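Below is one structure; the comments refer to it alone.
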Amino acid sequence: MFKKLVAWSTINKWKTVGISVLVSLFGVYAITQMDVDVLPNINKPTVAIFAEVDGLAPEEIEKLVLIPIENAVLGTPGVDRVRGVASFGLGIVNSEFSFGSDIYKNRQLIQERLSQISLPENVHVSLGPISSIMGEIMWVGVTGESISDSELRSYADFTLKPSILKLKGVSDVIVMGGDVLEWQVRLNADAMRRLSLRQEDINGIISKNLQNTSGGLLIQENKEYPIRVFVAPESFESLQKLPIQTNQGIVRLGEIASFVKGASQVRGTASIDGKSGIVLRVFKQPNAETLTVTGLVDDLVEDLKKTAPEGLSMSSDLFRQEWFISAGLKNVEEALRDAFIIVAFIVFLFLMKWKPTFIALLSIPISIFITAIVFYLMGLSVNVMTLGGIAVAIGELVDGAIVSVENIIKRLRHKKVGGLDRLHIIISAVKEVFDSIVYATILVVLVFIPVFFLPGVEGKLLSSLGLAYIVSLMASLLVALTLTPALAAILFREEDKEEHVPKLIQIIELKTEQLLSWLFGKWRQVIIALVVMIVATVTMYSLAGKEGIPQFNEDSLTIGILLPTGTDLDTTNLYAQSVGDAMKDLPFVAKVSHTAGRAATDPPGSRYNSGE
């Protein structure tokens with residue numbers, strides 16, 4: 001079949017070139033439409049379960065809440081691992097499922113399991129938003145010169161956060177810092193003891209009167225009027241007048257309690273450039289593209305700046321995963337560029353003619369375009385690992401084309417008068433080396449097959465690299481058997497008349513012949529030298545540093561702060577603030593921000609003694 005393809009491509013050379021142009025255009029389109037990320041999708045579908053229990057210590061949360069939830073979740077079909085974290089007032093259980101499983105089905109299974117367990121009355125259980133390991137894509141900061149922390153927090157909670165959540169691809173927004181205002185009812189213990197009241201009684205009365213109720217419908221003169229019962233307090237005065245039945249008659253809530261409008265218990269703090277502020281941590285959905293979502297958030301922030309209260313400022317450059325992606329891809333793109341230049345130089349050095357060099361080098365971009373089309377149809381992204389696989393293969397993408405071109409030139413030079421015409425000579429020349437090209441390509445492909453059987457995250461990472469390598473290599477094989485002979489039939493005109501062997505090739509052939517003649521009589525020394533080199537290679541490999549992925553220089557640095565267990569939030573915040581102030585004094589640091597503690601529903605489960 002492939003040999004017939006060679007003949008058809010050579011005879012219909014202009015059709016082959018036209019198809020190649022169309023493939024290249026489609027490849028360019030595919031590249032522009034593919035998602036761009038720093039790494040391939042290595043996220044195991046994870047369902048986060050939040051259990052909020054006001055006032056309970058981590059030990060009680062683990063015994064009363066986490067253990068029952070974990071035992072229920074462990075029996076869920078498809079669960080690979082269950083991890084629980086307990087902190088003051090909050091328990092988090094993360095359930096990891098197998099790669100490729102449906103996250104929506106997983107959440108439904110977890111919800112069914114949760115409905116079957118019995119937990120204390122004051123436990124509020126909810127599922128976290130759908131996110132991923134690398135879902136935190138950016139921080140948005142809010143500060144104000146003459147605006148209080150409570151006003152900043154209100155703007156972040158009721159204006160900025162809902163606006164960001166509306167954007168396509170955003171999964172969650174966690175707000176850190178500021179003061180959340182609330183009405184605080186401070187009970188008088190002596191008065192409650194005298195009236196034989198319990199805190200639960202007061203909680204029940206207040207809860208019943210915190211929301212308006214319905215009184216049904218009033219039908220009058222062919223119209224319906226909804227009846228609304230206004231009982232929710234609108235001020236301290238109305239709250240003070242709530243009646244309470246006691247053993248000494250009815251008393252008002254204001255007689256046994258005082259009222260204060262203050263900030264709720266602080267769970268997390270934030271600062272920007274040494275000033276108290278608000279940090280909104282934006283998380284993307286697992287299948288959303290980081291750069292697209294980041295751009296949408298940037299546009300939103302710029303629009304909100306126009307209508308923000310006077311003195312309030314917003315910035316979206318505190319932390320951006322986009323920096324990491326751009327730096328990583330830039331490094332690999334530079335490696336691809338350098339590799340192409342080196343390959344082009346070496347190929348021209350050995351061929352010493354622009355036509356065969358052009359034909360051989362053209363296989364590189366065409367192969368990359370074909371690889372992009374395959375990845376686009378498979379729904380894969382452009383990332384460090386896929387570009388790295390192409391960079392590894394770039395030197396081999398020209399192998400088949402060079403072998404074909406060399407043999408075509410050789411056969412055209414030895415063309416006999418009255419023999420086959422040029423097209424049949426080119427077809428015959430490619431068929432002569434067909435087996436060698438195919439066998440060599442398949443052999444290299446087989447070497448990478450075991451990569452696809454690696455388990456876990458390592459398999460996800462390296463399988464993307466191996467897939468890019470294999471697809472680009474197979475694409476180069478297709479180019480060598482189709483476009484290469486077609487271009488040879490179009491461009492080669494004079495090569496069949498002149499004999500030309502580059503000077504470099506003559507020198508290499510001469511030196512190689514002399515070296516082989518010398519080595520034939522010294523086979524023992526050759527074997528010893530090979531053994532020494534193998535031992536030296538193994539030794540250097542064992543002593544060399546090893547990294548899973550190359551280093552990045554994304555122009556940002558995240559420092560984690562962990563103080564001894566039990567450290568209060570204020571101390572953690574002061575320590576993080578001092579670290580930020582020290583870093584801000586460095587000449588190469590442009591902006592510093594930090595968070596300490598945790599938000600109400602923080603997926604990582606940070607504690608009061610940690611910050612970053």
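Note that this is a predicted model, so its numbers are computed, not measured.
Taking the side chain as every heavy atom from C-beta outward, Arg281 and Met176 approach each other to under 4.5 Å. Side-chain contact between Phe319 and Val279 is absent, with no heavy-atom pair separated by less than 4.5 Å. At least one side-chain heavy atom of Leu462 sits less than 4.5 Å from a side-chain heavy atom of Met385. Residues Ile103 and Phe97 are not in side-chain contact: their nearest non-hydrogen atoms beyond the backbone lie 4.5 Å or more apart.
Sorted by first and then second residue, the side chain to side chain donor-acceptor pair (under 3.5 Å) pairs with a member in residues 108-119 form an empty list; sequence neighbours excluded. Listed by first and then second residue, the side chain to side chain donor-acceptor pair (under 3.5 Å) pairs involving residues 293-302 are Asp298-Ser316, Asp298-Arg320, Glu302-Lys305 (not counting sequence neighbours).
Residues Thr143 and Ser313 bring a donor and an acceptor atom of their side chains to less than 3.5 Å of each other.
Atoms CD1 and CG, from Ile117 and Asn71 in turn, are 9.0 Å apart once rounded to the nearest 0.5 Å. The CG atom of Leu152 sits 11.0 Å away from atom CG of Leu160, with the distance rounded to the nearest 0.5 Å. Atom CD of Glu289 is separated from atom CE of Met34 by 10.0 Å, given to the nearest 0.5 angstrom. To the nearest 0.5 Å, the span separating OH on Tyr104 from CG on Leu109 amounts to 15.0 Å.
The closest donor-acceptor contact from the side chain of Ser472 to the backbone of Ala468 lies under 3.5 Å. Checking side-chain atoms of Gln321 against main-chain N and O of Glu136 turns up a donor-acceptor pair under 3.5 Å.
Under the ring pair (Phe, Tyr, Trp, His ring centres under 6.0 Å) criterion, Tyr469 pairs with Phe448, not counting sequence neighbours. Glu96 meets the side chain to side chain donor-acceptor pair (under 3.5 Å) test with Arg81, Arg83; sequence neighbours excluded. Checked against side chain to side chain donor-acceptor pair (under 3.5 Å), Ser101 has the following partners two or more places apart in sequence or in another chain: Asn106. Every residue was checked against the side chain to side chain donor-acceptor pair (under 3.5 Å) condition with Ser163, not counting sequence neighbours, and none meets it.
Atom CD of Gln33 has more than 12 neighbouring heavy atoms from other residues, nucleotides or ligands inside a 6.0 Å radius.
A side chain to side chain contact (heavy atoms under 4.5 Å, CB included) with Leu167 is found for one member of Thr292, Val173, Leu300 and no other, namely Leu300.
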Show your working on side-chain contact (heavy atoms from CB on, under 4.5 Å) between Trp139 and Ile272 and close with a plain yes or no. CA-CA 11 Å; Trp139 286 8; Ile272 301 169; over 6 Å; no
List the steps, then state whether side-chain contact (heavy atoms from CB on, under 4.5 Å) holds for Leu127 with Leu114. CA-CA 10 Å; Leu127 298 184; Leu114 292 177; 3.9 Å; yes
side-chain contact (heavy atoms from CB on, under 4.5 Å), that's the test. Do Tyr376 and Thr32 meet it? Break it down for me. CA-CA 10 Å; Tyr376 172 72; Thr32 59; over 6 Å; no
